[in-house]
Amino acid sequence: MENHTPGKAQFGNSAIAIIYVAVTIFLGITIALNQLANIPFDFFSRDPLTTFNAHPLTGIQSNLGILILVSTAGICLFACVVLRSRKAEAAVIQFFLWSGLITLVLTFDDLFLIHEDLAYRYLEIGQKTILILYVFLIIRYVLKLRKIIPHSDHLLFILALAFFGISEGIDIFESYWNSPWRVFFEDGFKLFGIVSWSIYLIRESFHFVSTS
């Protein structure tokens with residue numbers, strides 16, 4: 001007899017089909033770009049370090065940050081689904097939904113250099129404009145979840161925002177500090193921000209899921 005558990009029911013065949021369709025669409029886009037723009041397939045599929053014959057440790061700190069962010073986003077969204085299935089408080093579900101989505105935005109921004117390059121390259125939107133949008137997004141996040149954040153481990157939340165702010169401040173005023181140490185401190189504070197953000201959300205995920 002086939003075993004239909006609640007978890008399998010929620011992640012059913014329709015969800016699996018959507019995932020496969022998304023992968024097919026992505027591969028179709030690479031085919032279209034190959035045919036229309038004459039871009040080789042390996043430009044999309046191969047590792048960038050292999051493509052450009054770079055040292056394997058190139059960008060290791062950036063890659064580590066991306067791995068932490070995408071893992072955190074996955075944990076938050078998984079917690080959101082679990083808590084929703086357990087009929088948890090709506091504000092708590094919204095907290096993990098928005099936390100996961102914001103973390104995904106940060107992940108894609110870091111992975112594809114959106115505010116540093118792509119936004120201006122294709123949309124002519126400057127870096128400062130994107131950063132201002134992020135500030136408004138965080139303010140909206142705090143206001144929307146004002147019933148949850150004050151009762152969470154908000155010191156880590158504040159530390160994360162502080163580290164991110166210092167990192168971006170160093171980046172904005174880079175013309176006043178022409179030294180290799182500028183990059184070290186800018187990216188170092190960014191990594192501390194990522195780690196603090198991740199610890200904050202993973203601890204909250206564990207707390208709410210284990211006590212729901």
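Just so we're clear, the structure is a prediction, and the values are computed from it rather than from any experiment. Note: hydrogens, waters and symmetry copies are ignored here, and every other heavy atom, side chains too, is used.
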Engineer: Any side-chain heavy atom of Leu104 within less than 4.5 Å of one from Leu77?
Structural biologist: yes

Engineer: State whether the side chain of Thr211 and the backbone N or O of His207 hold a donor-acceptor pair below 3.5 Å, judged by distance alone.
Structural biologist: yes

Engineer: Holding to side chain to side chain donor-acceptor pair (under 3.5 Å), I want the full list of residues that pass it with Thr107, two or more places apart in sequence or in another chain.
Structural biologist: none

Engineer: Does atom CG of Leu57 have more than 12 heavy-atom neighbours, drawn from other residues, nucleotides or ligands, at distances under 6.0 Å?
Structural biologist: yes

Engineer: Mind listing the closest non-hydrogen atom pair of Ala160 and Gly193 along with its distance?
Structural biologist: CB-O, 3.7 Å

Engineer: Using 0.5 Å steps for rounding, measure from the CD1 atom of Ile194 to the CD1 atom of Ile66.
Structural biologist: 8.0 Å

Engineer: Can you name the closest pair of heavy atoms from Gln61 and Asp187 and give their distance?
Structural biologist: NE2-O, 3.0 Å

Engineer: Does Trp177 form a side chain to side chain contact (heavy atoms under 4.5 Å, CB included) with Phe185? I'd like the steps, not just the answer.
Structural biologist: CA-CA 11 Å; Trp177 189 3; Phe185 282 108; 3.6 Å; yes

Engineer: Take Ile202 and Thr72, measure what side chain to side chain contact (heavy atoms under 4.5 Å, CB included) needs, and give me the verdict at the end.
Structural biologist: CA-CA 7 Å; Ile202 291 174; Thr72 304; 4.2 Å; yes

Engineer: Can you check whether Asp171 reaches Leu131 side chain to side chain, under 4.5 Å on heavy atoms?
Structural biologist: no

Engineer: Nearest 0.5 Å, please: how far is CG in Asp42 from OG1 in Thr30?
Structural biologist: 11.5 Å

Engineer: Count I, L, V, M, F, W, Y as connected when their side-chain heavy atoms are under 4.5 Å apart, and connections chain through other members. Are Leu137 and Tyr141 then in the same cluster?
Structural biologist: yes

Engineer: Hey, any chance Ile31 and Phe43 share a hydrophobic cluster, counting ILVMFWY side chains that come within less than 4.5 Å of each other, even indirectly?
Structural biologist: no

Engineer: Looking at Asp110 and Lys190, is there a salt bridge between them, counting it only when a charged N and a carboxylate O are closer than 4.0 Å?
Structural biologist: yes

Engineer: Short question: side chain of Glu186, backbone of Glu168 - any donor-acceptor pair under 3.5 Å?
Structural biologist: no

Engineer: Within the side chain of Thr58, is there an N or O that forms a donor-acceptor pair under 3.5 Å with the backbone of Ala54?
Structural biologist: no

Engineer: Between the main-chain N or O of Ile125 and the side-chain N or O of Thr129, is there a donor-acceptor pair closer than 3.5 Å?
Structural biologist: no

Engineer: For Ser196 and Leu156, which heavy atoms make the closest approach, and how far apart are they?
Structural biologist: CB-O, 4.0 Å

Engineer: Just by distance, do the side chain of Arg84 and the backbone of Val81 share a donor-acceptor pair under 3.5 Å?
Structural biologist: no

Engineer: In the structure I gave you, are the side-chain heavy atoms of Phe157 and Leu161 within less than 4.5 Å of one another anywhere?
Structural biologist: yes

Engineer: So does Asn178 have more than 12 non-hydrogen atoms from other groups sitting under 6.0 Å from CG?
Structural biologist: no

Engineer: Ignoring hydrogens and geometry, is there a side-chain-to-backbone donor-acceptor pair from Ser152 to Ile149 under 3.5 Å?
Structural biologist: yes

Engineer: When rounded to the nearest 0.5 angstrom, what is the spacing between CD in Gln127 and CD1 in Ile114?
Structural biologist: 12.5 Å

Engineer: Does any N or O in the side chain of Ser45 come within less than 3.5 Å of the main-chain N or O of Phe41, such that one atom is a donor and the other an acceptor?
Structural biologist: yes

Engineer: Is it true that the side chains of Ser212 and Arg86 contain a donor and an acceptor less than 3.5 Å apart?
Structural biologist: yes

Engineer: Taking a hydrophobic cluster as the set of Ile, Leu, Val, Met, Phe, Trp and Tyr residues connected by side-chain heavy atoms closer than 4.5 Å, whether directly or through intermediates, do Leu67 and Ile199 fall within one such cluster?
Structural biologist: no

Engineer: Quick check on Phe108: does its CZ atom have over 12 non-hydrogen neighbours (other residues, nucleotides or ligands) under 6.0 Å away?
Structural biologist: no

Engineer: Do Trp197 and Thr103 get their side chains close enough for a donor-acceptor pair, meaning under 3.5 Å?
Structural biologist: yes

Engineer: Could you see if Tyr134 belongs to whatever hydrophobic cluster contains Ile132? Use Ile, Leu, Val, Met, Phe, Trp, Tyr and a side-chain cutoff under 4.5 Å.
Structural biologist: no

Engineer: Could you tell me the separation between the CG atom of Leu83 and the CZ atom of Phe95, rounded to the nearest 0.5 Å?
Structural biologist: 10.5 Å

Engineer: For atom CZ of Phe44, is the number of surrounding heavy atoms from other residues, nucleotides or ligands below 6.0 Å larger than 12?
Structural biologist: yes

Engineer: About how many Å separate SG of Cys76 and CG of Leu101, when rounded to the nearest 0.5 Å?
Structural biologist: 9.5 Å

Engineer: Any idea which heavy atoms bring Ala91 and Leu145 closest together, and the distance?
Structural biologist: O-CD2, 4.0 Å

Engineer: Ignoring hydrogens, what is the shortest heavy-atom contact between Arg146 and Pro150? Give both atom names and the distance.
Structural biologist: O-CD, 2.9 Å

Engineer: Distance from Asp153 atom CG to Leu201 atom CG, nearest 0.5 Å?
Structural biologist: 11.0 Å

Engineer: Report the C-alpha distance between Tyr200 and Ser99 in whole Å, list the side-chain angles of each, state the deciding distance to 0.1 Å, and finish with yes or no for side chain to side chain donor-acceptor pair (under 3.5 Å).
Structural biologist: CA-CA 10 Å; Tyr200 168 68; Ser99 297; over 6 Å; no

Engineer: In this structure, would Leu106 and Val70 fall into the same cluster of hydrophobic residues linked by side-chain contacts under 4.5 Å?
Structural biologist: no

Engineer: Any donor-acceptor pair under 3.5 Å linking the side chain of Ser167 with the backbone of Phe163?
Structural biologist: no

Engineer: Looking at every non-hydrogen atom in both residues, tell me the closest pair between Pro56 and Leu49 and how far apart they are.
Structural biologist: O-CD1, 3.4 Å

Engineer: Is the number of heavy atoms from other residues, nucleotides or ligands within 6.0 Å of CZ (Phe192) greater than 12?
Structural biologist: no

